[in-house]
Amino acid sequence: MTLTAPAGTGAPPNPPPDKAAEAARPSAVRRAWATVSPYAYIAPFFTLFAAFGLFPLLYTAFVSLYRVELQTPGDMEWRGLGNYTALFTDEFFWISLRNTFTIGVLSTVPQLVMALGLAHLLNYKLRGRTFFRTAMLLPYATSVAAATLVFAQLFGRDFGLVNYVLGLVGIGPVDWQTGTVASQIAVSTIVIWRWTGYNALIYLAGMQSIPSELYEAAEMDGASRWRQFLHVTLPGLRPTIVFTVVVSTIGATQLFGEPLLYEGSVSGGISHQYQTLGLYMYEQGWGFFHLGRAAAIAWVMFLLIVVLVGANALLARRRSRKEAGR
């Protein structure tokens, strides 16, 4: 027996089963699209990453286990860990590793300290601060080749401007390309010049996210600007500082353009005095044609970056836990 609505009530009759299914079908399609659409949106990124990031990384690990020469890349001879053992017994590998560390420290520490000071100054209401903020990015926008060639002239031994200025204060000429410490300072100076403004703008963005009420409360308590910087600005910038330290560490490990163009030699000077891991990898792969060993160096650099970034993250987490427990 079929129940129907009483006459005059205005209630519509129940639709037939086939029409009810057709009405429910669009909502099912929408639910399915709502489930699939996030993956469809991010699929282009992961497709490009798999093609140009993940595959080269895995293929480099594969090549590092073989003897592969640049002249005959199709002839591959299994070596296992032979490329890595040969790498660790090569004195020039350890020299390049030491140079990478020393140049990284000489360039990263002054760079971040200067960037923090510049950001602190630009955070105040200065006349023409927009101009100064824009000027901070000019070194970063400059070509690394042009910047390195100019600095190579500035650090020239006989006619360089740096030695001329040192001569005015009674200091003899310094050979900025032969001496180990001098050449590393010169290369580090190029890195500092290029990246200080970039990090300063990152610090400035972090400072502007700190609530102004904290500064007002500190000022009412009688804190000087130096005290405000120590107890308000630095704690508020801790995540930003960790980020810049990690990024600068990665950049220092991969340093290549500045030492290559400083003298135009892949060996990093006569006695490899400023050859970094990037230059050493390039020399093995494209100078000596040992693609297998160059791939092994690339993976050593990758693992070194992972270790350094993990150590930075661990130290930052421990410090946060100590301060949270106070």
Side-chain angles (χ1 to χ4, degrees), residues 38 41-42 45 49 103-144 147 151 188-255 258 305-326:
Y41 293 145
I42 63 176
F45 166 77
F49 173 75
I103 294 176
V105 173
L106 289 173
S107 60
T108 300
V109 175
Q111 172 193 149
L112 296 183
V113 172
M114 292 171 59
L116 192 60
L118 288 173
H120 186 61
L121 292 176
L122 292 175
N123 196 31
Y124 289 104
K125 294 182 179 180
L126 300 175
R127 180 176 298 177
R129 59 179 178 175
T130 304
F131 168 77
F132 290 113
R133 292 176 182 178
T134 306
M136 288 290 103
L137 276 180
L138 291 180
Y140 172 71
T142 304
S143 169
V144 60
F151 272 89
S188 301
T189 303
I190 306 172
V191 180
I192 293 171
W193 180 83
R194 290 195 69 237
W195 291 98
T196 298
Y198 175 84
N199 289 305
L201 291 183
I202 294 179
Y203 286 146
L204 180 61
M207 289 178 182
Q208 292 180 345
S209 65
I210 300 175
S212 58
E213 292 80 4
L214 297 178
Y215 291 101
E216 294 174 359
E219 189 175 358
M220 291 178 63
D221 291 339
S224 62
R225 288 191 173 183
W226 175 246
R227 290 289 181 181
Q228 294 177 25
F229 177 76
L230 290 179
H231 300 288
V232 178
T233 304
L234 287 183
L237 279 181
R238 185 170 294 111
T240 308
I241 293 175
V242 172
F243 169 77
T244 55
V245 169
V246 169
V247 172
S248 299
T249 301
I250 295 174
T253 307
Q254 298 177 334
L255 191 62
E258 289 84 351
I305 290 174
V306 171
V307 171
L308 293 176
V309 171
N312 284 329
L314 183 62
L315 292 175
R317 185 177 300 177
R318 285 185 177 181
R319 185 175 180 84
S320 300
R321 288 178 179 177
K322 285 183 180 180
E323 294 186 354
R326 291 179 182 175

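How far CZ of F131 is from CE of M136: 9.0 Å, rounded to the nearest 0.5 Å. Interatomic distance, CD1 of I305 versus CD of Q254, reported as 4.0 Å (0.5 Å rounding). With rounding to the nearest 0.5 Å, the separation of CG in L112 from OG1 in T244 is 5.0 Å. Rounded to the nearest 0.5 Å, atoms NE2 (H120) and CZ (R225) are 7.5 Å apart. The distance from the CH2 atom of W226 to the NE2 atom of H231 is 9.5 Å, given to the nearest 0.5 Å. L234 CG to L116 CG: the interatomic distance, rounded to the nearest 0.5 Å, is 6.0 Å.
Formation of a donor-acceptor pair under 3.5 Å by the S248 side chain with backbone atoms of V245 is not found in this model. Counting only distance, with no hydrogens or angles, the side chain of S107 and the backbone of G104 share a donor-acceptor pair below 3.5 Å. Here the side chain of E258 pairs no donor or acceptor atom with the backbone of V144 at under 3.5 angstrom.
When every heavy atom of P110 is checked against every heavy atom of V105, the shortest pair comes out as CD-O, 3.6 Å. Across every non-hydrogen atom of G206 and T240, the tightest pair is CA-OG1, 4.2 Å. The minimum heavy-atom distance between A223 and Q228, with the atom names listed, is O-NE2, 3.2 Å. Here the shortest heavy-atom pairing between V191 and Q111 reads CG1-NE2, 4.1 Å.
The 12-atom threshold is not exceeded at CD of E219, counting heavy atoms of other residues, nucleotides or ligands nearer than 6.0 Å. Summarising the local packing, CZ of F243 is surrounded by 12 or fewer heavy atoms from other residues, nucleotides or ligands at distances under 6.0 Å.
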Check step by step if side-chain contact (heavy atoms from CB on, under 4.5 Å) holds for I210 and Y215. CA-CA 9 Å; I210 300 175; Y215 291 101; 3.8 Å; yes

Stepwise side-chain contact (heavy atoms from CB on, under 4.5 Å) test for T142 and W193: CA-CA 10 Å; T142 304; W193 180 83; 3.9 Å; yes

side-chain contact (heavy atoms from CB on, under 4.5 Å) between Q208 and N123: does it pass, once the steps are laid out? CA-CA 7 Å; Q208 292 180 345; N123 196 31; 3.7 Å; yes

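Ring geometry for F49 versus F45: interplanar angle under 30°, hence parallel rather than tilted (30 to 60°).
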